[in-house]
Amino acid sequence: MAAATLDYDEADAVARLGGDWTLVGLGKSLPAREARLAELSRAAPRWDLRGIGRLDSVGALVLWRAWGRSLPSTLLISEQHRQVLERVSRLPRREARLAERHPAGPIVALGRFALDAQRIFLGTIALIGQLVLDLAWLWLHPRELPLREFSATLYKSGAQALPVIALIGFLIGVVLSYLSSLQLKAYGADVFIVNLLGIAIIRELGPLLVAVLVAGRSGSAMTAQLGVMRVTEEIDALATMGVSRSLRLVLPKVLALAVATPLLVVWCSAAGIFGGMVAAYLQMGLSYAYFIDTLPKVVPLANLWIGLAKGVSFGVLVGVIACYFGLHVRPNTESLSTGTTSSVVTAITTVIVVDAIFAIFTRTLGMPGT
Amino acid sequence: MSATINRGEPVIDVRGVSTCFGRMLIHLDLDLQVFAGDILGLVGGSGSGKTTLLREMVGLLAPSAGEVRLFGHPVLDRDPEIRRSIRQRFGMLFQQGALFSALPVYDNVAFPLRELKLLDEDLIHDAVMTKLAMVELDANDSRLMPAELSGGMVKRVALARALALEPELLVLDEPTAGLDPDRAAGFVRLIRSLQEALGFTVVMVTHDLETLVGLASRVAALAEQRIVADGTLAEVTTVDHPFVRNFFGSLQVNGALQRAAR
């Protein structure tokens with residue numbers, strides 16, 4: 001491997017090139033060489049390229065550009081290297097690409113966002129409709145029930161999530177109880193900690209925490225799994241075997257989440273209340289017996305039903321949204337990553353919106369003293 | 001055995017390589033040299049470790065014992081600078097293309113050039129277009145995404161990317177697998193004409209006799225954990241070994257040989 005050389009003979013006005021004019025041979029000296037070549041070609045000398053050992057297309061391109069995209073009038077070159085130059089010279093010029101910028105860019109972007117949101121909304125509704133049709137069909141053909149997939153998802157999304165949900169529920173309960181007790185003490189209203197924790201955790205925090213965790217833990221996994229199955233054409237393979245993707249892939253996931261999420265809500269709420277009870281004892285000396293005795297009196301049973309109903313609907317929402325995004329991944333890695341991100345973000349946002357709707361429609365239910 | 005007369009330093013030098021996966025022995029004390037200008041076809045039964053050997057040659061896999069040297073340096077040299085410079089001197093064509101699915105064709109081919117951080121975008125553009133023209137693709141194709149390409153186009157784009165840095169060595173893993181015979185023949189012709197024009201060394205793994213006949217100037221047969229035959233195709237076919245007899249013994253090969261001779 002010989003380095004590229006460039007000598008200029010002033011007397012004869014000849015530029016002599018030697019060595020390897022290749023990407024590797026030029027290496028780091030490339031910018032300097034280009035500048036020198038451009039300078040020389042303005043003087044329009046005769047060019048002697050016979051000393052060149054190897055010439056690759058990058059070397060040829062460097063020369064071609066220095067000559068202003070035309071062959072110099074006097075050029076001494078071997079036949080083999082002339083062919084390399086000719087191949088390069090046949091290239092079309094790079095068209096100057098104008099940066100496309102629409103005058104109403106932000107408005108267009110907003111419109112596109114709205115259309116995307118509408119498409120996702122309609123797509124999700126269509127998917128729910130398909131699931132209802134599948135359920136009706138299953139009613140008539142109970143042997144087709146995808147039980148194995150259902151129980152697998154139930155185990156992965158439900159049973160395996162128990163430890164982390166217990167931990168988070170417990171810690172949130174401790175923090176909430178600790179912070180509230182500081183305030184309540186100032187008013188001498190210590191005993192109301194039971195009302196506060198009971199309503200807040202069972203009705204609101206439990207379902208919401210579980211929904212966020214399930215979206216992050218199971219929803220993302222479902223989107224990624226279906227997305228990879230799309231990329232590797234496994235879903236198409238299933239279709240050619242006459243297996244319905246909604247029946248075999250989507251329905252068991254959604255049904256399993258519909259069952260697992262309310263159970264996780266109960267588990268999370270129990271852990272939260274336990275945490276709150278421990279903190280209340282340590283902070284204010286409120287006895288466990290008093291706490292357990294008071295809880296059912298101040299928290300009407302309706303709150304538990306509301307929490308369970310939220311659990312079911314959040315589970316279905318997370319499952320449907322995760323599967324929708326998974327089935328709409330395009331076959332490339334970038335789309336897989338944006339699909340998974342959108343799936344989790346959309347699921348959590350939707351869950352919070354639906355939670356607000358729940359709050360409005362259940363405002364007269366389950367409140368003590370109303 | 002073969003025409004391995006001393007031709008200077010080998011481009012690839014596999015010395016005493018042994019490989020085992022768990023308790024399974026793949027190669028045992030295997031030696032193989034590839035010299036500049038060789039077009040070596042590596043053949044072997046399925047599971048004989050052809051692709052494993054190829055991956056060891058390019059440093060994707062470390063052999064359990066022995067050493068692979070590329071261009072006179074260990075391919076797994078301790079110095080990251082040397083490792084990097086070795087990797088800029090060869091191009092690899094993967095069986096499935098291994099194009100970056102998130103990038104259009106143009107950026108796939110431009111990627112190794114940009115990684116050098118030496119060239120300006122104008123020069124990169126011209127270099128990419130030269131490479132695409134070499135593999136008979138045009139500017140319109142350069143905007144397509146990998147998912148929109150046919151199998152043959154994927155191979156050609158992958159070849160353009162492998163050739164982007166003007167490598168001295170091209171490593172091909174099953175170059176014609178998944179192409180119909182017509183396309184495969186076209187792809188073989190393309191590699192052959194590029195090799196004649198650019199003069200790189202080629203190592204390839206293939207199952208396909210037509211590809212072997214059409215391209216390889218040298219054939220090495222891998223069986224029983226070692227190279228059992230090494231030489232020109234004509235020499236290798238005469239070697240008396242069960243695998244070789246089986247692989248080349250069919251009438252197919254005679255037909256292919258006759259066709260090539262014509």
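Per chain, numbering begins at 1; letters A, B, ... match sequence-line order.
Remark: the B:Glu166 side chain and the A:Ser57 side chain contain an N/O donor-acceptor pair separated by less than 3.5 Å.
Residue B:Leu103: no heavy atom, backbone or side chain, is found under 4.5 Å from chain A. Contacts of B:Lys131 with chain A are made by side-chain atoms alone, with heavy-atom separations under 4.5 Å and no backbone atom involved.
Atom CZ of A:Phe121 sits in a sparse spot, with 12 or fewer heavy atoms from other residues, nucleotides or ligands closer than 6.0 Å. The number of heavy atoms from other shown groups lying within 6.0 Å of CZ (A:Arg330) does not exceed 12. Crowding of B:Arg114 atom CZ: a count of heavy atoms from other residues, nucleotides or ligands under 6.0 Å exceeding 12. For B:Glu196, the CD atom counts as densely surrounded, since its 6.0 Å shell holds more than 12 non-hydrogen atoms of other residues, nucleotides or ligands. Within 6.0 Å of CZ in A:Arg33 there are more than 12 heavy atoms belonging to other residues, nucleotides or ligands. The environment of A:Ile107 atom CD1 is sparse: at most 12 non-hydrogen atoms of other residues, nucleotides or ligands sit within 6.0 angstrom. No more than 12 heavy atoms of other residues, nucleotides or ligands shown are found within 6.0 angstrom of CZ on B:Arg183. The local environment of CD in A:Glu233 is sparse, with at most 12 non-hydrogen atoms from other residues, nucleotides or ligands closer than 6.0 Å.
Residues of residues 56-63 of chain B lying under 4.5 angstrom from chain A, judged on non-hydrogen atoms, do not exist here.
Within the 4.5 Å cutoff, the side chain of B:Asp120 has heavy atoms near those of the A:Glu34 side chain. Using a 4.5 Å heavy-atom cutoff, the side chains of A:Val58 and B:Asp126 are not in contact.
Looking at every heavy atom in both residues, B:Leu123 comes nearest to A:Arg65 through N-NH1, 3.5 Å. Nearest heavy-atom pair, A:Pro331 versus B:Ser101, reported as atom, atom and distance to 0.1 Å: O-CB, 4.3 Å.
Note: A:Asp56 CG to B:Thr130 OG1 = 10.0 Å, rounded to the nearest 0.5 Å. The distance from atom CG of A:Asn332 to atom CZ of B:Phe100, rounded to the nearest 0.5 Å, is 13.5 Å. Here the CG atom belonging to A:Leu30 is positioned 10.0 Å from the CG atom belonging to B:Leu116, to the nearest 0.5 angstrom.
By number of non-hydrogen pairs under 4.5 angstrom with chain B, the leading residue of A:Leu61, A:Val62, A:Val84 is A:Leu61.
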